[in-house]
Amino acid sequence: MADKTVAILGATGVVGTQMIQCLEERNFPVGKLVPLASARSVGKTVSFNGEDVPVVEATPDAFEGADIVLGAAGDATAKALLPEAAKRGAVCVDNSHAFRLDPDVPLVIPEINAADIANHPRNIIANPNCATIIGLVPTWPLHKLAGLRRLIVSTYQAASGAGMPGLTELKREMSVVANGGEMGDTSPFAYQLAANLIPQIGSFKDEGYTSEEWKMQNEGRKIMHLPEVRVNCTCVRVPVMRSHSESITAEFNRPISPDEAREALASAPGVKVVDDPANLRYPMPLDTSDQDLVYVGRIRRDLSAPDGVNSLTFWCCGDQIRKGAATNAVQIAEYLL
């Protein structure tokens with residue numbers, strides 16, 4: 001297998017840094033790493049396989065010779081630069097929202113729709129939203145078992161979902177709360193997050209739902225090739241450093257028992273069942289951070305379901321920086337080798 005020239009757009013951010021670590025951990029055949037960032041990061045280095053690699057300013061010409069580009073930048077940067085990389089022959093795997101719903105750009109979770117990777121006419125493949133990935137990885141095996149009709153989802157999303165500024169701000173706020181200081185400006189959050197919950201992620205859109213909440217429905221339908229599936233989602237920012245959690249009630253076409261669900265999930269790729277209430281064992285952010293599996297537990301019958309409606313409720317946790325972003329992108333890239 002020939003080594004590849006791999007460029008990381010946004011290499012100095014939280015997700016870009018994690019992408020570099022994932023390339024190392026998964027022994028991706030990198031012949032040359034090109035870390036790209038804004039002009040203000042030029043002069044910095046990133047560590048890769050024991051070497052310090054200098055950061056290069058992200059310009060169209062910086063993509064010359066790249067085989068694969070992993071995008072970890074924002075929407076505007078992705079829209080401006082990734083088509084330039086694609087024109088130069090690189091295949092781009094992008095973590096931003098810029099291309100996710102474009103009909104000629106595959107949106108991929110490898111455990112679900114890896115076959116879609118082969119058809120990328122624009123040389124761009126989109127990485128889904130982190131909460132979408134964490135919720136759908138365990139939902140998909142249950143769909144294959146009983147046919148998914150509807151999802152009701154509440155997400156509990158960590159501060160690091162807002163990138164390094166979110167992590168830094170929560171740490172600052174926790175110190176302020178502990179020491180009784182003045183809170184001051186809470187950017188990037190609209191309100192104080194420490195000792196609080198914020199029931200808004202993204203901007204408000206149609207029907208009073210936020211942009212983050214619409215992603216679960218719109219992206220889920222595309223990834224699973226289920227255009228009629230219905231989703232109701234509420235996204236909440238919580239004072240947790242890392243790893244998103246989700247409460248999911250899923251409605252199916254046929255009956256499915258909690259035991260059947262546990263059996264299907266136990267053998268599903270990317271999933272770890274942690275479901276032992278008698279011994280107080282269930283998924284939690286502290287246990288699921290810095291690894292790539294989505295933990296699933298609290299699997300139980302939906303007591304609110306009317307007669308004839310087949311639904312289950314479960315709880316899942318996953319590291320949104322790893323599986324919810326960086327690792328998912330690297331997994332996609334592995335299919336390009």
Side-chain angles (χ1 to χ4, degrees), residues 15 18-19 21-28 95 108-114 127-146 148 151-158 160-161 216 219-220 223-224 233 238 240-250 252 256-302 311-332 334-335:
V15 173
Q18 189 68 72
M19 285 175 170
Q21 183 179 330
C22 288
L23 290 170
E24 287 184 325
E25 291 176 355
R26 299 176 72 89
N27 295 314
F28 195 92
N95 192 58
V108 176
I109 301 174
E111 290 87 349
I112 298 175
N113 62 327
N127 210 45
N129 174 259
C130 51
T132 300
I133 293 172
I134 291 163
L136 293 191
V137 166
T139 297
W140 179 250
L142 303 180
H143 161 68
K144 291 196 293 183
L145 186 66
L148 181 66
L151 290 172
I152 301 174
V153 183
S154 294
T155 73
Y156 306 81
Q157 297 182 217
S160 53
M216 181 72 76
E219 295 181 17
I223 294 161
M224 296 188 292
C233 186
V238 298
V240 169
M241 290 295 181
R242 185 163 177 158
S243 206
H244 291 351
S245 304
E246 303 186 20
S247 173
I248 298 177
T249 295
F252 301 98
I256 175 174
S257 71
D259 284 342
E260 284 181 291
R262 290 186 193 96
E263 183 178 355
L265 290 166
S267 60
V271 173
K272 179 177 180 178
V273 176
V274 181
D275 193 14
D276 186 3
N279 291 299
L280 307 185
R281 295 191 67 245
Y282 30 69
M284 295 185 294
L286 284 177
D287 297 328
T288 54
S289 295
D290 289 310
Q291 56 82 56
D292 293 325
L293 298 175
V294 177
Y295 286 27
V296 185
R298 300 292 318 279
I299 302 167
R300 59 205 188 276
R301 189 166 59 88
D302 172 15
S311 60
L312 290 176
T313 295
F314 59 91
W315 173 262
C316 61
C317 288
D319 187 325
Q320 88 286 356
I321 300 174
R322 289 190 61 112
K323 180 52 188 169
T327 302
N328 198 78
V330 174
Q331 285 177 293
I332 293 170
E334 288 171 344
Y335 282 86

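These figures come from a predicted structure and were not determined experimentally.
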Exercise. Please check if atom CD in Glu25 has more than 12 non-hydrogen atoms from other residues, nucleotides or ligands closer than 6.0 Å.
Key: yes

Quiz item: How far does CG of Leu148 sit from CE of Met224, to the nearest 0.5 angstrom?
Solution: 5.0 Å

Practice problem: Just jot down the salt bridge (charged side-chain N to carboxylate O under 4.0 Å, His left out) partners of Glu246, sequence neighbours excluded, or say none. | Solution: none

Quiz item: To the nearest 0.5 Å, how far apart are CG in Leu23 and CD in Glu334?
Solution: 8.5 Å

Quiz prompt | Nearest-0.5 Å distance, OG1 of residue Thr155 to CD1 of residue Ile248 | solution = 9.5 Å

Quiz item: Can you tell if the side chain of Thr139 reaches within under 4.5 Å of the side chain of Ile112, non-hydrogen atoms only?
Solution: no

Quiz item: Side-chain contact, heavy-atom cut-off 4.5 Å: Tyr156 with Cys317?
Solution: no

Quiz item: Side chains of Leu142 and Phe252: closer than 4.5 Å at any heavy-atom pair?
Solution: yes

Quiz prompt | Exam field: side chain His244 to backbone Ala131, donor-acceptor pair closer than 3.5 Å | solution = no

Quiz item: Is there a donor in the side chain of Asp292 and an acceptor in the side chain of Thr327, or the other way round, less than 3.5 Å apart?
Solution: yes

Quiz item: Within the side chain of Asp319, is there an N or O that forms a donor-acceptor pair under 3.5 Å with the backbone of Asp290?
Solution: yes

Quiz item: What closest approach, in Å, do Ala114 and Pro110 show between heavy atoms, and which atom pair accounts for it?
Solution: CB-O, 3.4 Å

Quiz prompt | From Leu265, Val294, Val296, residue fulfilling side-chain contact (heavy atoms from CB on, under 4.5 Å) relative to Val137 | solution = Val294

Quiz item: For Asn129, does its backbone N or O pair with a side-chain atom of Glu219 as donor and acceptor, under 3.5 Å?
Solution: yes

Quiz item: Does some side-chain heavy atom of Pro128 sit less than 4.5 Å from a side-chain heavy atom of Asn328?
Solution: yes

Quiz item: Can you tell me if Glu263 uses its side chain to pair, donor with acceptor, with the backbone of Glu260 under 3.5 Å?
Solution: no

Quiz item: Any idea which heavy atoms bring Asn95 and Gly324 closest together, and the distance?
Solution: OD1-O, 4.4 Å

Quiz item: Just by modelled atom types, is the Ala325 backbone N or O under 3.5 Å from a matching donor or acceptor in the Asn127 side chain?
Solution: yes

Quiz item: In a check of side chain to side chain donor-acceptor pair (under 3.5 Å) between Gln320 and each of Ser289, Ser160, Ser245, which one passes?
Solution: Ser160

Quiz prompt | Separation between CD1 of Ile299 and CZ of Phe314, rounded to the nearest 0.5 Å | solution = 8.0 Å

Quiz item: Any chance CZ of Arg301 has more than 12 other-residue heavy atoms, nucleotides or ligands included, within less than 6.0 Å?
Solution: no

Quiz item: Looking at side-chain heavy atoms only, is the closest gap between Tyr335 and Val108 below 4.5 Å?
Solution: no

Quiz item: Between Thr313 and Ser247, what is the shortest heavy-atom contact and its length?
Solution: CG2-OG, 4.5 Å

Quiz item: About how many Å separate CG of Leu312 and OG1 of Thr249, when rounded to the nearest 0.5 Å?
Solution: 9.0 Å

Exercise. Find the distance between NZ (Lys323) and OG (Ser243) and round it off to the nearest 0.5 Å.
Key: 13.5 Å

Quiz prompt | Residue pairs, two or more places apart or on separate chains, that pass salt bridge (Lys or Arg N to Asp or Glu O under 4.0 Å) and touch residues 273-286 | solution = Arg262-Asp275

